2 protein chains.
Amino acid sequence: MAAPRANMSYRDIKQVVLDRIHNKIWAPDSLLPSETDLAEEFSSTRTTVNRALRELAEEGYLERKRKAGTRVLNSPVRKAQFAIPLVRDEISETGAEYRYALVERAVMPAPGWLSARMNIPQGREVLHLRCMHYADNTPFQYEVRWIVPDSIPEVLEADFSRSGPNDWLVQKVPFTNLELSFLATKADQSVAEFLDTQAGDPIFTAERITWLRGEPVTLAKLFFAPGYRMTTHL
Amino acid sequence: MAAPRANMSYRDIKQVVLDRIHNKIWAPDSLLPSETDLAEEFSSTRTTVNRALRELAEEGYLERKRKAGTRVLNSPVRKAQFAIPLVRDEISETGAEYRYALVERAVMPAPGWLSARMNIPQGREVLHLRCMHYADNTPFQYEVRWIVPDSIPEVLEADFSRSGPNDWLVQKVPFTNLELSFLATKADQSVAEFLDTQAGDPIFTAERITWLRGEPVTLAKLFFAPGYRMTTHL
DNA sequence: ATTGCTTATATATATAGACATAATGAGCTT
DNA sequence: AAGCTCATTATGTCTATATATATAAGCAAT
């Protein structure tokens with residue numbers, strides 16, 4: 001058992017606390033000693049203990065409430081973190097060569113489902129793009145995107161034939177809010193052709209909507225080639 | 001533009017820094033002033049500035065290196081966080097009633113793909129479970145699980161007819177490592193029947209493997225009912 | 001050019017003390 | 001019994017200061 005020595009860093013304290021949780025010295029649902037007491041035990045200060053406990057709470061092991069104290073969570077709601085990189089980066093990091101192609105560009109009135117989904121007026125003109133992302137010339141991702149030009153009129157002039165809308169948007173429009181969903185969809189004829197697979201195949205799909213200060217900016221549907229897995233470790 | 005006032009909290013400072021990044025006052029790849037200078041500008045202390053910058057770095061906006069300084073990341077690798085709750089909690093939080101059913105329990109030698117995947121010896125005996133999770137009696141998730149009893153022999157005595165293996169494992173075996181993947185699979189006949197859908201339908205699937213101090217503990221394949229979305233906001 | 005030392009500097013962390021804030025629970029009132 | 005008030009207390013945060021550590025950059029020796 002880790003015996004508290006002097007000069008423990010906040011990392012050391014985190015580790016000791018974690019060990020005690022694992023070894024049920026502090027059982028689930030039980031209350032930890034107060035920061036003050038712990039600081040004394042570890043011959044440290046409240047500030048340092050505070051940081052250790054705060055981080056453990058962020059990581060989902062503890063629940064902290066003023067006055068109520070610090071409690072061990074019975075089923076640690078561990079949080080999986082997924083980095084959401086640009087496709088380009090995701091591909092080139094594997095060592096493969098990234099290639100982009102614009103499939104279609106059109107300005108059109110927003111279809112009903114879109115204006116409902118993004119909360120924009122019926123029939124507002126929007127920019128619609130479809131594009132492909134390849135890794136070593138193998139289809140990697142098929143992107144269907146809608147951009148509301150209201151808050152960014154320049155987007156209508158932008159050239160998307162050489163680089164994707166994501167690259168452009170990241171440079172130009174920092175979003176303030178984002179909704180990201182993952183789901184499984186069934187490949188329709190068009191998606192299947194682009195991703196070089198059979199219609200009806202299961203497709204891992206991401207949908208992201210971003211806002212800038214409350215104004216909807218863009219909705220993207222990203223269809224990943226069969227076999228794609230989104231993986232994380234912790 | 002947010003003018004620095006006195007008595008700014010670390011939250012305020014975070015917000016000002018974020019605003020300046022958004023407004024390109026501090027452009028991507030550029031170097032921020034040092035903590036000391038910022039502390040002076042905000043008539044705050046280095047400790048407080050440090051916390052603000054540290055958190056922004058954790059959130060993926062900044063990159064910090066000793067001596068080198070703090071730099072604005074050009075394409076913020078924003079990290080999506082997904083809480084991975086127990087199914088039971090996920091269901092009851094929607095207000096629906098949770099119901100569990102054990103479908104099959106068997107002890108058998110590990111099939112080849114499993115021993116390869118989890119790095120356990122060929123033919124080692126493992127516990128195999130299949131179960132269903134319902135929300136208001138509607139199929140919600142079909143779970144296929146494999147447990148290596150080596151490090152937890154009690155698991156062979158456990159009663160899984162009333163509550164699921166996840167509940168049991170969370171109580172008994174705190175994991176130290178976890179690999180979590182999301183993918184889209186095609187419903188085979190069995191999965192389709194359990195989830196009350198058609199064979200061939202796309203199924204959002206999660207696969208998780210956990211280890212305890214390097215020893216593989218369990219692998220679970222979680223098949224979600226059609227229509228399931230894993231969503232996060234940030 | 002390459003390697004190895006030195007130094008300056010920016011971040012990382014620790015300490016100590018103060019005030020702020022929320023929530024609990026005891027005691028009082030109705 | 002139910003509701004209200006208020007002191008208590010644990011965490012939340014800020015200030016001020018000090019030491020630790022990594023490393024970029026310059027300089028020297030190979």
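If you're wondering where the values come from, they're calculated on a predicted model, not measured in any experiment. By convention in this document, chain letters (A, B, ...) are assigned in the order of the sequence lines, proteins followed by strands, and residues within each chain are numbered from 1.
The listed nucleotides are dT15(C), dT15(D), dT11(C); the one nearest the side chain of R66(B) is dT11(C). For R46(B), the listed nucleotide lying nearest its side chain is dT11(C); candidates were dT11(C), dG12(D), dT9(D). Listed candidates were dT13(D), dA10(D), dT9(C). Nearest to the side chain of Y10(B) is dT13(D). Residue T48(A) places its side chain closer to dA14(C) than to any other of dT11(D), dT11(C), dA14(C).
A salt bridge links R117(A) to E179(A): at least one charged side-chain nitrogen sits closer than 4.0 Å to a carboxylate oxygen. A salt bridge links R20(A) with E41(A): the distance from a Lys NZ or Arg NE/NH1/NH2 to an Asp or Glu carboxylate oxygen falls below 4.0 Å.
For the pair R11(A) and dT13(C), the criterion of a side-chain N or O lying under 4.0 Å from OP1 or OP2 is met. Put simply, R64(A) has a side-chain N or O that comes within less than 4.0 Å of OP1 or OP2 on dG12(D). Look at N50(B) and you'll find a side-chain N or O under 4.0 angstrom from OP1 or OP2 of dA12(C). At the phosphate of dC14(D), OP1 or OP2 sits under 4.0 Å from a side-chain N or O atom of S9(B).
Look at CD on E63(A): it is 17 Å from P on dA10(D), rounded to the nearest Å. Distance NZ (K67(B)) to C1' (dA20(D)): 16 Å, rounded to an integer number of Å. Distance, L56(B) CG to dT11(C) P: 13 Å, rounded to whole Å. Per the geometry, NZ belonging to K14(A) stands 14 Å off C1' belonging to dA12(C), to the nearest Å. Taking atom CG of residue L62(A) and atom P of nucleotide dA10(D), one finds them 17 Å apart after rounding to whole Å. Here dA16(D) presents its C1' atom at 15 Å from CD of E40(B), a figure rounded to the nearest Å. Rounded to an integer number of Å, the gap from CE of M8(B) to C1' of dC14(D) is 14 Å.
Backbone-only contact: R51(B) has heavy atoms under 4.0 Å from sugar-phosphate atoms and none from a base. R71(B) comes within 4.0 angstrom of nothing in the nucleic acid, heavy atoms only.
Judged by closest nucleotide on DNA chain C, G69(B) is the one of S44(A) and G69(B) placed further toward the 5' end. Residues L53(B) and T45(A) each lie close to DNA chain C; by heavy-atom proximity, the contact nearer the 5' end of the strand is made by L53(B).
Within residues 32-39 of chain B, the residues that place at least one heavy atom under 4.0 Å from DNA chain C are, in residue-number order, S34(B), E35(B).
With rounding to the nearest 0.5 Å, the separation of OH in Y10(A) from OG1 in T45(A) is 13.5 Å. For the atom pair CG of L114(B) and CD1 of I120(B), the computed distance is 5.0 Å after rounding to the nearest 0.5 Å.
Only one option out of R64(A), R51(A), R54(A) pairs with E35(A) in a salt bridge (charged side-chain N to carboxylate O under 4.0 Å, His left out); it is R64(A). With H133(A) as the partner, the side-chain hydrogen bond (donor to acceptor under 3.5 Å, both in side chains) test is satisfied by one option alone out of R88(A), R99(A), E143(A): E143(A). The only member of L129(B), L169(B), L212(B), V148(B) that meets side chain to side chain contact (heavy atoms under 4.5 Å, CB included) when paired with T218(B) is L169(B).
Ring-plane geometry between Y228(A) and F140(A) is classed as perpendicular, the angle between the planes exceeding 60 degrees on a 0 to 90 degree scale with a lower cut at 30.
Interface remark: the T47(B) side chain does form a donor-acceptor pair with the dT17(D) base, using a distance-only criterion of under 3.5 Å.
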